[in-house]
Peer 1: 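Quick one: the structure is below, and I'll ask about it shortly.
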Amino acid sequence: MKVLMVASECAPFVKTGGLADVVGALPAALARVDVDAQVVLPAYPPLFPLLPEGTEVTRFDDLPGGPGRIVKVTAQGMTLLLLDAPQLFDRPGGLYVDESGTDWPDNHLRFGALSMAGARIAMGAIEKYQPDVLHAHDWQAALSPVYLRMAGRDTPRSIITIHNIAFQGRFGPQVLDRLHLKTDWFHPEGLEFHGDLSFLKGGLIFSDRITTVSPTYAREILTPEFGMGLEGVLQARAPVLSGVLNGIDTDAWNPAEDITLAEPYDAKSLKRKAANRIALSEQLGLETGSAGPLFCVVSRLTSQKGLDAVLGAVPHLVEHGAQLAVLGSGQPELEQGFRDAAQAHPGQVATHIGYDERLSHLFQAGSDAILIPSRFEPCGLTQLYGLRYGTLPVVARTGGLADTVIDANVAALIAKAATGFVFTDVTTPGLEQVIDRVIAAYADPKLWQSMQRAAMRHPVSWDSSAKAYRDLYADLA
Ligand SMILES: Nc1ncnc2c1ncn2[C@@H]1O[C@H](COP(=O)(O)OP(=O)(O)O[C@H]2O[C@H](CO)[C@@H](O)[C@H](O)[C@H]2O)[C@@H](O)[C@H]1O
């Protein structure tokens with residue numbers, strides 16, 4: 001079975017969030033169940049060093065935004081089909097935004113080109129390579145299924161995965177022509193969303209299957225509360241919509257062999273985890289020797305993640321003997337809020353603004369609990385890293401968080417099944433309540449360690465979800 005993935009990020013090469021982790025880890029997991037997955041990815045500057053090692057396998061003259069060529073490279077065990085189109089991707093700044101944080105004005109062309117290149121490869125543009133299924137990820141790749149359908153019915157089937165429905169790729173109708181889209185498909189049952197073109201809506205309507213990254217989120221997005229305006233489209237397509245839970249790369253995230261840690265550990269040597277708390281505290285200027293738990297946050301700082309409620313709970317957390325370490329970047333007011341919190345509570349609260357992959361591993365290893373009070377969360381990966389590192393997740397009961405963490409209620413504790421703390425009220429009082437529960441559990445080392453061991457036993461690999469994707473592909477092909 002040959003699957004062509006189309007995506008705008010892929011770890012460890014280019015990453016702004018969880019999408020990259022998934023696209024970076026899924027191909028290897030699929031290979032273990034006999035699926036050959038190659039990834040079409042824009043050649044952004046961090047990928048330039050790979051280009052000379054690759055082979056040009058095809059060229060396109062007429063992509064949206066100009067010509068591009070596809071360079072096939074093997075790196076980190078993955079086969080990448082890099083879309084080399086310097087006029088679209090060779091620029092400083094971020095993947096989607098310029099250096100000032102503003103969306104690139106030609107994002108429709110950049111990801112229109114990516115989507116079209118994906119569709120053309122799926123239709124046989126590369127000699128001796130005929131994928132069975134095209135798998136598009138998020139809005140940036142969502143026009144691929146549209147271009148396939150425009151080319152007729154006799155093209156490979158497609159599947160689109162929603163990693164976050166909040167990002168829909170919405171542009172004014174004037175871009176239709178430049179994207180070579182059929183103007184007679186521009187209506188509410190097609191590509192139009194309230195007068196605009198929506199990449200994601202197009203993908204949802206014209207793909208053969210739709211998945212999202214957890215079963216709970218698959219149900220939630222059928223409702224106005226979570227569907228972000230696309231609930232009607234999704235309800236109409238509910239028979240082909242399903243949730244497949246994300247896994248994680250258990251090699252990249254393995255506390256027993258993680259070279260970025262101060263001291264590796266596993267479920268049998270949990271005492272060694274303490275050396276990581278000391279290392280993290282020293283690095284961040286937190287006091288060591290505190291009797292309470294160290295909570296951490298590793299996150300994009302956006303309203304999705306509910307971190308404004310954490311800010312309000314900081315005084316309570318500190319007064320009750322706990323500490324907090326924050327790693328993140330995003331909305332300026334949240335960045336400033338956490339900087340101010342660190343200043344107000346020196347030695348007890350520390351904030352590192354920025355994106356630092358390596359440091360995120362030490363945060364997971366060195367903390368006792370990780371706070372994830374998201375307002376919505378399609379799957380979430382940091383709670384899975386937390387489980388794997390014996391860093392108990394404290395999560396809102398939503399989306400994939402609800403599907404992956406077992407709350408420390410009495411029944412779960414008796415059954416030794418509890419792996420974390422789940423709460424429903426994403427407000428400062430709601431957080432204060434759950435923080436109190438965590439502090440009380442932490443004060444009972446036997447209970448805490450038994451929860452850590454349950455957490456570390458919880459299956460977080462890609463194994464079962466890779467099989468679920470394989471079955472979906474087989475169904476389509
Ligand atoms: N400052 C920082 N420094 C270093 N690393 C940082 C960081 N901030 C975040 N990260 C890392 O970025 C990733 C974030 O992944 P998440 O799944 O938690 O959320 P995201 O909202 O980006 O993903 C979306 O897509 C994924 C994938 O499907 C879904 O799980 C999720 O629910 C959905 O919102 C994790 O690997 C995390 O460690």
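All ligand and atom numbering here is 1-based and tracks the order in the structure.
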Peer 1: Any heavy-atom pair between the side chains of I370 and Q383 that's under 4.5 Å?
Peer 2: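 Sidechains of I370 and Q383: no contact.
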Peer 1: Around atom NZ of K2, are there more than 12 heavy atoms of other residues, nucleotides or ligands at under 6.0 Å?
Peer 2: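 Open.
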Peer 1: For atom 32 (O) of ligand 1, what is the nearest protein heavy atom, given as residue, atom name and distance?
Peer 2: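 Ranked first by proximity to atom 32 (O) of ligand 1 is E377 OE2, 2.5 Å.
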Peer 1: Could you tell me whether R91 and D106 make a salt bridge, using a distance below 4.0 angstrom between a side-chain N and a carboxylate O?
Peer 2: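 Salt bridge flag = yes for D106 with R91.
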Peer 1: What protein heavy atom is closest to atom 10 (N) of ligand 1, reported as residue, atom name and distance in Å?
Peer 2: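 For this ligand atom, the closest protein heavy atom is Y355 CE1, 3.7 Å.
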Peer 1: Out of curiosity, is Q304 lining ligand 1, as in a heavy atom under 4.0 Å away?
Peer 2: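 It does, in that a heavy atom of Q304 comes within the 4.0 Å cut-off of ligand 1.
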Peer 1: H163 vs H137 aromatic rings, parallel, tilted or perpendicular, using cut-offs 30° and 60°?
Peer 2: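 Because their plane-to-plane angle lies in the 30° to 60° range, the rings of H163 and H137 count as tilted.
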Peer 1: Please identify which atoms of ligand 1 are closer than 4.0 Å to at least one heavy atom of L19.
Peer 2: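 So the atoms of ligand 1 that pass are 25 (O), 27 (C).
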Peer 1: For Q235, does the CD atom sit with more than 12 other heavy atoms under 6.0 Å from it, leaving out its own atoms?
Peer 2: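 More than 12 heavy atoms, drawn from other residues, nucleotides or ligands, come within 6.0 Å of this atom.
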Peer 1: At a 4.0 Å threshold, what atoms of ligand 1 neighbour a non-hydrogen atom of V22?
Peer 2: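 Those of ligand 1 that fall under 4.0 Å from V22 are 27 (C), 28 (O).
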Peer 1: Specify the protein heavy atom at minimum distance from atom 18 (O) of ligand 1: its residue, its atom name, and the distance to 0.1 Å.
Peer 2: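 That would be L381 N, 3.5 Å.
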Peer 1: Describe, in one word, how the ring planes of H361 and Y389 are oriented to each other, choosing from parallel (under 30°), tilted (30 to 60°) and perpendicular (over 60°).
Peer 2: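 If you compare the ring of H361 with that of Y389, the planes turn out perpendicular.
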Peer 1: So, does Y217 sit close enough to ligand 1 that a heavy atom of it is under 4.0 Å from the ligand?
Peer 2: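 Y217 does not count as a contact of ligand 1 under the 4.0 Å cut-off.
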Peer 1: Applying a strict 4.0 Å limit to heavy atoms, is K15 in contact with ligand 1?
Peer 2: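 K15: in contact with ligand 1 (<4.0 Å).
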Peer 1: Considering non-hydrogen atoms of the protein only, which is the closest contact for atom 3 (N) of ligand 1, and what is the distance?
Peer 2: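 The answer is D356 N, 3.0 Å.
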Peer 1: Between Y96 and W104 (judged by ring centroids, cut-off 6.0 Å), do the two rings come close enough to count as a pair?
Peer 2: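 Not close enough - the centres of the two rings lie 6.0 Å or further apart.
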Peer 1: For the 3.5 Å polar cut-off, considering only N or O atoms, please tell me whether G380 and ligand 1 meet it.
Peer 2: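 For ligand 1, there is an N or O atom that lies under 3.5 Å from one belonging to G380.
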Peer 1: Would G354 count as a contact of ligand 1 if the rule is a heavy atom under 4.0 Å away?
Peer 2: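 A heavy atom of G354 does come that close to ligand 1.
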Peer 1: Look at ligand 1 and say whether K305 reaches it with a heavy atom at a distance under 4.0 Å.
Peer 2: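 Yes, K305 has heavy atoms under 4.0 Å from ligand 1.
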Peer 1: To which protein heavy atom is atom 38 (O) of ligand 1 closest, and what is the distance rounded to 0.1 Å?
Peer 2: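 Here the nearest protein heavy atom works out to T382 CG2, 3.7 Å.
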Peer 1: Going by an N to O cut-off under 4.0 Å, is there a salt bridge joining K273 and D368?
Peer 2: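 Salt bridge: no.
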Peer 1: To the nearest 0.1 Å, how far is atom 13 (C) of ligand 1 from its closest protein heavy atom, and which atom is that?
Peer 2: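 Result for atom 13 (C) of ligand 1: G18 N, 3.7 Å.
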Peer 1: Apply the salt bridge (charged side-chain N to carboxylate O under 4.0 Å, His left out) test between R157 and each candidate in D208, D132, D475; give the one that qualifies.
Peer 2: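 Exactly one option meets the salt bridge (charged side-chain N to carboxylate O under 4.0 Å, His left out) with R157, and it is D208.
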Peer 1: Considering the heavy atoms of N164, write down every atom of ligand 1 situated less than 4.0 Å from one of them.
Peer 2: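 That gives atoms 34 (O) of ligand 1.
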Peer 1: Could you check whether the rings of F171 and H108 sit parallel, tilted or perpendicular, using 30° and 60° as the cut-offs?
Peer 2: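 Aromatic pair F171/H108 classed tilted.
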Peer 1: Under 3.5 Å between some N or O of ligand 1 and some N or O of T16?
Peer 2: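 No: no nitrogen or oxygen of T16 is under 3.5 Å from one in ligand 1.
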Peer 1: Do the rings of F376 and Y217 sit parallel, tilted or perpendicular, given the 30° and 60° boundaries?
Peer 2: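 Because their plane-to-plane angle is under 30°, the rings of F376 and Y217 count as parallel.
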Peer 1: Between E220 and T398, do the side chains contain a donor N or O and an acceptor N or O under 3.5 Å apart?
Peer 2: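 Yes, side-chain donor-acceptor contact under 3.5 Å.
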Peer 1: Write out the residue and atom name of the closest protein heavy atom to atom 8 (N) of ligand 1, then the distance separating them to 0.1 Å.
Peer 2: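 Here the closest protein heavy atom is S299 C, 3.4 Å.
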Peer 1: Can an N or O of N246 be found at a distance shorter than 3.5 Å from an N or O of ligand 1?
Peer 2: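 Yes, N246 has an N/O under 3.5 Å of an N/O on ligand 1.
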Peer 1: Tell me the protein heavy atom at minimum distance from atom 28 (O) of ligand 1, and give that distance in Å.
Peer 2: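 Sorting protein heavy atoms by distance from atom 28 (O) of ligand 1 puts H163 ND1, 2.6 Å first.
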Peer 1: How about F167 and W139: are their ring centroids closer than 6.0 Å?
Peer 2: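 So the answer is no for these two rings.
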Peer 1: Is the shortest distance from a heavy atom of G328 to ligand 1 less than 4.0 Å?
Peer 2: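 Per 4.0 Å heavy-atom rule, G328 contacts ligand 1.
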Peer 1: Against heavy atoms of D21, which atoms of ligand 1 measure under 4.0 Å?
Peer 2: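 What qualifies from ligand 1 is 36 (O).
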Peer 1: Which bit of S360 is near ligand 1, meaning a heavy atom under 4.0 Å away: side chain, backbone, both or neither?
Peer 2: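 Answer for S360: side chain.
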